[in-house]
Amino acid sequence: MHDFDTLINRRNTTAWKWKVGENELPMWVADMDFRTAPEIREAIRKQVDHGIFGYSYIPEEWYTSIMNWWHSRHGLTVEKDWLIFCTGVIPAISSAVRKLTTPGENVLIQTPVYNVFFNCIRNNGRNVLENRLIYDPDTASYRIDWDDLEKKLADPQTSVMILCNPHNPIGKIWDRQTLFRIGDLCLQHHVIIISDEIHCDITEPGIDYIPFSSVSEACRDNSISCISPTKTFNLAGLHSAAVIIPNEFLRHKIWRALNTDEVAEPNSFATAVSIAAFTRGSAWLDELRAYISGNRRLVSDFITAKLPQIQMVSSEATYLLWIDCTGLPKTGDRLASFIRKKTGLYLADGSAYGETGEGFLRMNIACPRVLVEDGLQRLRTGIEACAGRV
């Protein structure tokens, strides 16, 4: 059994998440407060003990570890030639946007969605085109506005769609029928899909995500899938990712883009940690998923019993919870700021993920349960104060 309960002090360690006040509890940015798998730490120690950190190439084991992992865990056959190393999913997305579009063209995203997507588009002089997901408060769930999606994909200025699969921040795993329809519409309207699948391994026990490229020939040949061990194994600071591109023409373009942008070379640890994760990290990950599932149930039960003014959006993936606070008098960053000032609980405000996120909060539960319990008590104090009960 692996230990997910021990508190590890991350203050004064240059951890961005924990650059907060002494009495504050950060549950915002998406990294975990767990040590990574022992097998990965062992691989890092081996590299450190060697003592020389020169230029690195991509070893054969890097390819086979990814190919075997996606085949065994997700039922996807990946060929070696389809894989390209990259320093991160976001660098890959930004490079792809620059290569596949021209300034002034549209890149479509489905909001509310990971806030950095907006930067990948706007910083490159492209236009953000939103297909706003439809929220049903009665079921606390989201669905796609298909009429709006098709209309915006049909715009000749729309060149690329960035898909989030599973979807951050709502924690939704898109089903096969939905992915098939997205792929069909994009092919019909000559729009290339960039599928961000960085959260794919952190799903509820017994539930798997569906790789976009596995759904149909259209999805496979018209897509770029971005993957990484960094969210799954808490390795964001080591900059290791990959793109899967079955289409030879697209693959050549993205290979040129990543090399032009100088984000296709690994540091001394990047491939070692990836290989260790994908060859020896399975048992640790399954225990992690069960632990996060327990945290998710704890939050859901607490909100249902103690905080009827708000509700948790139903989710199947990621360690991020999306909380509907639209019934409260303070919304958006005003609510997040109010709670932080009142209680020290630092959550991400929903408006950062698009206008449709107004009135929602994002909570990171990838931490020891005692911190989740602390966070829930602080949340209760803040919500009740906002609602005028204290």
Novice: Test of understanding: with side chain to side chain contact (heavy atoms under 4.5 Å, CB included), list the residues that count as partners of Thr279, not counting sequence neighbours.
Specialist: Ser65, Ile275
Novice: For the CD atom on Glu217, are there more than 12 heavy atoms of other groups (residues, nucleotides or ligands in this structure) within a distance under 6.0 Å?
Specialist: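 Counting other residues, nucleotides and ligands, CD of Glu217 stays at 12 neighbours or fewer.
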Novice: If you group Ile, Leu, Val, Met, Phe, Trp and Tyr by side-chain heavy-atom gaps below 4.5 Å, do Ile66 and Val263 land in one group?
Specialist: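 As far as the 4.5 Å side-chain criterion goes, Val263 and Ile66 are not connected within one cluster.
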Novice: Counting only heavy atoms not in Trp146 (residues, nucleotides, ligands), do more than 12 fall under 6.0 Å from its CH2?
Specialist: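 Buried by this count: over 12 neighbours within 6.0 Å.
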Novice: Looking at Glu355, I want to see if its CD is surrounded by more than 12 non-hydrogen atoms of other residues, nucleotides or ligands under 6.0 Å.
Specialist: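 Incorrect, the count does not exceed 12.
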Novice: Checking side-chain polar atoms at under 3.5 Å, does Arg297 have a donor or acceptor matched by the opposite partner on Ser293?
Specialist: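 There is such a pair between these side chains.
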Novice: Should the pair Tyr142 and Tyr135 be assigned to parallel (<30°), tilted (30 to 60°) or perpendicular (>60°) ring geometry?
Specialist: tilted
Novice: Return the CG to CE distance between Leu321 and Met312, rounded to the nearest 0.5 Å.
Specialist: 5.0 Å
Novice: First locate atom CD1 of Ile194, then atom SG of Cys164, and finally report the distance between them rounded to the nearest 0.5 Å.
Specialist: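 Result: 12.5 Å between the selected atoms.
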Novice: Say you draw a straight line from CG of Leu76 to CD of Glu197; how long is it, rounded to the nearest 0.5 Å?
Specialist: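 CD of Glu197 is found 8.5 Å from CG of Leu76.
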Novice: Examine the side chains of Asp201 and His74 and answer whether a donor and an acceptor come within less than 3.5 Å of each other.
Specialist: yes
Novice: Which word best sums up how the rings of Trp255 and His252 line up, parallel for under 30°, tilted for 30 to 60°, or perpendicular for over 60°?
Specialist: tilted
Novice: Please find out if less than 6.0 Å separates the ring center of Trp62 from that of Phe278.
Specialist: no
Novice: Under the rule for salt bridge (charged side-chain N to carboxylate O under 4.0 Å, His left out), what residues qualify as partners of Arg35, not counting sequence neighbours?
Specialist: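 By the salt bridge (charged side-chain N to carboxylate O under 4.0 Å, His left out) rule, Arg35 matches no residue at all.
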Novice: Could you work out, with side chain to side chain contact (heavy atoms under 4.5 Å, CB included) as the rule, every residue matching Cys367, not counting sequence neighbours?
Specialist: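 Side chain to side chain contact (heavy atoms under 4.5 Å, CB included) list for Cys367, sorted by chain: Met27, Asp33, Leu371, Val372.
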Novice: For the residue pair Arg126 and Thr101, confirm or rule out a side-chain donor-acceptor distance under 3.5 Å.
Specialist: yes
Novice: Tell me if the aromatic rings of Trp284 and Phe233 count as close, with their centers under 6.0 Å from one another.
Specialist: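 Yes, close enough.
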Novice: Does any donor atom in the side chain of Thr203 or Arg289 lie under 3.5 Å from an acceptor atom in the other side chain?
Specialist: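 Indeed, the side chains of Thr203 and Arg289 share at least one donor-acceptor pair under 3.5 Å.
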Novice: Under 3.5 Å, is there a donor-acceptor pair linking the side chains of Asp5 and Tyr291?
Specialist: yes
